[in-house]
Amino acid sequence: MSQKFYLTTTLPYVNAIPHVGHTLEFVQADVIARYMRQKLGNDNVYFNVGTDEHGLKIFRKAKKEGLEIQDYVDKYAEKWKEFCELLQISYDRFIRTTDTDHIKSATEFWETCDEAGDIYKKKYEGLYCVGCEEFKTEKDLVDGKCPAHQKEPEKYSEENYFFKFSKYQNKLLELYKKNANFVKPKSKLKEMTSFVSSGLEDFSISRRKENLPWGVPVPGDDEQVMYVWFDALVNYITTIGYGSNEEKFEKWWPCVQLCGPDNTRFQSAMWQAMLMSAGIEPSDQILVHGMILAEDGTKMSKTIGNVVSPFDLIERYGVDAVRYYLVAGIPTFSDVAFSYKQLESEYRGDLQNNFGNLLNRIITLIKKREVEIDESRVDSNFKKKVDEYVENYTEFMDQFVLYDAMKKVEELGTYGNRYIAEEEPWAKNIRHEEAEEVLNNLHYLVRRMIVCYSPVLPEKCKKAEQALKNLENVILFEKI
RNA sequence: CGCGGGAUGGAGCAGUGGUAGCUCGUCAGGCUCAUAACCUGAAGGUCGUACGUUCGAAUCGUACUCCCGCAACCA
């Protein structure tokens, strides 16, 4: 049986405007997906993205814009699809939580948790923050306001369904303990462990329909709809056939998930408990990427006006520079201040100079020297050396440490540039066979570079491959 | 004491007990195949502060200072 790999991103709210953080997550995920396709074959990788389309916030925004809710979410879902296209995101499915199979799947999931005895009804009086889509305790509030949204929460008193989160405290801790890589990086796993250890409270998973008509109906209760988080999380299994195609589901589950630091809890605690309740094995791994801060190292904020728009970035630098920077220019799992200067220097240094330029040098020399390219002529020691870099790259990629993996490819390029300078295959006094060996070596090296870079720079690498095959000089990376 | 992360040459980072390293930038030289690209060399750091452990600490301990995230639209 061949190995399968299923990767999913966290679904953004459909009405959010794509920012650099989303861009980071999408690009990281896409690079992983493309790498795994290289490794396992296209048919053995499934890559999920999509939009989260329920909830009070969306309901109200739609009203505000004067649109029917469905029209409203359709409009914004389209924008996210365009965003994916712009970024060259090679998803297998773009799921929307309003898709019919998702409604069905969420319903079935609810019923399963209910049968397991993990859903119960309870009268709840509380302060609800629409911004957070969450009930707040007095303790959470600062000056009577939600600290996250600077707004006074609304008083709600309603009877809702609750999920027995507390029941899974020990099981979650076992899960974390058993698998030290369950949440990556380790510091986030530690955070989760201490969060779960401190005690869990059951959370509310439904809303009264009269307050919020926009949601998945709770099965067997006409007056309630599912709380947006509950249904949204289920998308990870809907997309691979839960509730509609058992065989497909078995084939793909479990998944590797990407999420932002603010989402760690939902993905690695709540969602895992929900899966346990439904008798489904936990996710394979949660990868928590870093947070991109503004250039001064503080948080990006529209109010302060220091946000970086991905659309502007792509327009100014092109999609390759942006993709490359997000993967190779910033550490994969830690917070980092965004830097235009670094984006530019990574692009120039690594892509234009180290990689693109080397490719052209080699193409020109092969043409000028009229040497024959044949892999059997590659020196075995040289090959070994090159393969070492590639192996290091592979090890890092397999652990999803994209940043370190990219550094290895860059080092390989540096090695090539050093080698060509030492051997001087352009020198007049060099023998033909010698030049032939050197150029075969370099040809091999740059081909390996192309393979390693192609998950990040798919289009450019195709061009590079063509150029190398046809021995045509090419400017892969335009000046920026 | 809510929880967590961090402070290393001009900038960004690596480095979990044994003579401080990488990338970019700067300066000097070399090469000419190449997208003024490439190669070599140099300058530049008492590793946030103070105590402590140790033959020896960027690395371990304690205290402190500052920054950031969880936690404003939000990955």
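All values below come from the heavy atoms of this structure, side chains included, with hydrogens, waters and symmetry mates left out. Every chain is numbered from 1 and lettered A, B, ... according to where its sequence line falls, protein lines coming before strand lines.
- The side-chain heavy atoms of A:N48 and A:L7, taken from C-beta on, include no pair separated by under 4.5 Å.
- Scanning residues 394-402 of chain A for heavy-atom distances under 4.0 Å to RNA chain B yields an empty list.
- RNA chain B lies under 4.0 Å from no heavy atom of any residue of residues 446-456 of chain A.
- Using a 4.0 Å heavy-atom criterion, one finds that A:F26 contacts no nucleic acid atom at all.
- The residue A:P331 sits apart from the nucleic acid: no heavy atom pair falls under 4.0 Å.
- Ion pairing of A:R377 with A:E372 is present here, as a side-chain N (NZ or NE/NH1/NH2) and a carboxylate O approach within less than 4.0 Å.
- Per the geometry, CD belonging to A:E411 stands 10 Å off C1' belonging to B:rU23, to the nearest Å.
- Following rounding to the nearest Å, A:N417 (CG) and B:rU35 (C1') show an atom-to-atom distance of 12 Å.
- Cation-pi contact between A:K79 and A:F83: absent, since separation from the ring centre below 6.0 Å together with deviation from the ring axis within 45° is not met.
- Computed from coordinates, the A:R348 CZ to B:rA37 P distance equals 9 Å when rounded to whole Å.
- Both the sub-6.0 Å distance and the 45° axial angle are not jointly satisfied by A:R448 relative to the ring of A:Y389.
- Side-chain atoms of A:N470 and A:Q466 form a donor-acceptor pair, as typed in the model, at a separation below 3.5 Å.
- Scanning residues 172-191 of chain A for heavy-atom distances under 4.0 Å to RNA chain B yields A:S187, A:K190, A:E191.
- The same atom, P, is picked in B:rA58 and in B:rG18; the two are 10 Å apart, to the nearest Å.
- There is no side-chain donor-acceptor pair under 3.5 Å between A:S166 and A:E201.
- Side-chain atoms of A:D30 and A:S90 form a donor-acceptor pair, as typed in the model, at a separation below 3.5 Å.
- With a 6.0 Å cutoff to the six-membered ring centre and a 45° limit on the axis angle, A:K385 counts as a cation-pi contact of A:Y415.
- Comparing the C1' positions of B:rC47 and B:rC13 gives an interatomic distance of 13 Å, to the nearest angstrom.
- Taking atom P in both B:rU46 and B:rC64, the straight-line distance is 27 Å, to the nearest Å.
- Pairs passing the side chain to side chain donor-acceptor pair (under 3.5 Å) check and including a residue from residues 421-430 of chain A, sequence neighbours excluded, do not occur.
- Annotation: proximity of residues 351-365 of chain A to RNA chain B (heavy atom, distance under 4.0 Å) is found for A:Q352, A:N353, A:G356, A:N357, A:N360, A:R361, A:T364, A:L365, numbered in ascending order.
- Nucleotides B:rU32 and B:rA20 place their P atoms 38 Å apart, quoted to the nearest Å.
- The aromatic rings of A:Y168 and A:F163 lie parallel to each other, with less than 30° between the two planes, well short of the 60° mark.
- Checked for salt-bridge contact, A:K341 and A:E295 miss the test: no charged N lies under 4.0 Å from a carboxylate O.
- Between the side chains of A:D387 and A:Y444, at least one donor N or O sits under 3.5 Å from an acceptor N or O.
- Between the P atom of B:rU23 and the NZ atom of A:K408 lies a distance of 12 Å, rounded to the nearest Å.
- Between A:Y403 and A:E422, the one whose closest nucleotide on RNA chain B sits nearer the 5' end is A:Y403.
- With sequence neighbours excluded, the residues satisfying side chain to side chain donor-acceptor pair (under 3.5 Å) with A:K408 are A:E411.
- Ring geometry for A:F165 against A:F203 counts as perpendicular: the plane angle is over 60°, on a 0 to 90° scale with 30° as the lower cut.
- In terms of position along RNA chain B, the nucleotide closest to A:V336 lies nearer the 5' end than the nucleotide closest to the other residue of the pair A:I475 and A:V336.
- Between the side chains of A:Y46 and A:T239, at least one donor N or O sits under 3.5 Å from an acceptor N or O.
- Taking the C1' atom of each, B:rC73 and B:rC67 are spaced 24 Å apart, rounded to whole Å.
- For the segment residues 322-330 of chain A, the set of residues with a heavy atom within less than 4.0 Å of an atom of RNA chain B is empty.
- The CG atom of A:L293 sits 12 Å away from the C1' atom of B:rC70 (whole-angstrom rounding).
- Counting only N and O atoms by type, the side chains of A:E25 and A:T9 include no donor and acceptor under 3.5 Å apart.
- Contact annotation for A:K341: no contact, since no heavy-atom pair falls under 4.0 Å across all strands.
- Among the heavy atoms of the strands, none lies under 4.0 Å from A:F333.
- Candidate nucleotides B:rC70, B:rC39, B:rC13 were compared by shortest atom distance to the side chain of A:R418, and B:rC39 ranks first.
- To the nearest whole angstrom, the two C1' atoms, one in B:rC33 and one in B:rC39, are 13 Å apart.
- Taking the six-membered ring where tryptophan is involved, the planes of A:W271 and A:Y236 are perpendicular, since the angle between them exceeds 60° and thus also 30°.
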What dot-bracket string describes RNA chain B from 5' to 3', counting Watson-Crick and G-U wobble pairs whose defining distances are under 3.5 Å, with [ ] for crossing pairs and | for pairs to another strand?
.(((((((.[[[[.)..(..]]]].(((((.......))))).....[[[[[..)....]]]]])))))).....
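- Qualifying side chain to side chain donor-acceptor pair (under 3.5 Å) partners for A:T364, counting only residues two or more places apart in sequence or in other chains: A:N473.
- Legend: salt bridge (Lys or Arg N to Asp or Glu O under 4.0 Å) pairs involving residues 45-56 of chain A, not counting sequence neighbours, sorted by first then second residue: A:E53-A:R96.
- Rounded to whole angstrom, the span from the NZ atom of A:K367 across to the C1' atom of B:rC33 amounts to 12 Å.
- Atom P of B:rG2 sits at a distance of 15 Å from the matching atom of B:rA63, rounded to the whole Å.
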In 5'-to-3' order, the base (B), backbone-only (S) or no-contact (-) status of each nucleotide in nucleotides 24-32 of chain B, using a 4.0 angstrom heavy-atom cut-off, is S------SS
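- Going from atom CG of A:N441 over to atom P of B:rC33 covers 21 Å, rounded to whole Å.
- Residues satisfying the side chain to side chain contact (heavy atoms under 4.5 Å, CB included) test with A:T264, not counting sequence neighbours, are A:V183, A:K188, A:M192, A:S268, A:V288.
- Under a 4.0 Å N-O distance rule, the pair A:R60/A:E65 does not qualify as a salt bridge.
- Atom NE2 in A:H443 sits about 21 Å away from atom P in B:rC33, given to the nearest Å.
- Only the C1' atoms considered, B:rA7 is 15 Å distant from B:rA14, to the nearest whole Å.
- A cation-pi arrangement is absent between A:R37 and A:F5, since the terminal nitrogen or guanidinium carbon is not both under 6.0 Å from the aromatic centre and inside a 45° cone about the axis.
- Using bins of under 30°, 30° to 60° and over 60° for the plane-to-plane angle, the ring pair A:Y340/A:Y317 lands in the tilted bin.
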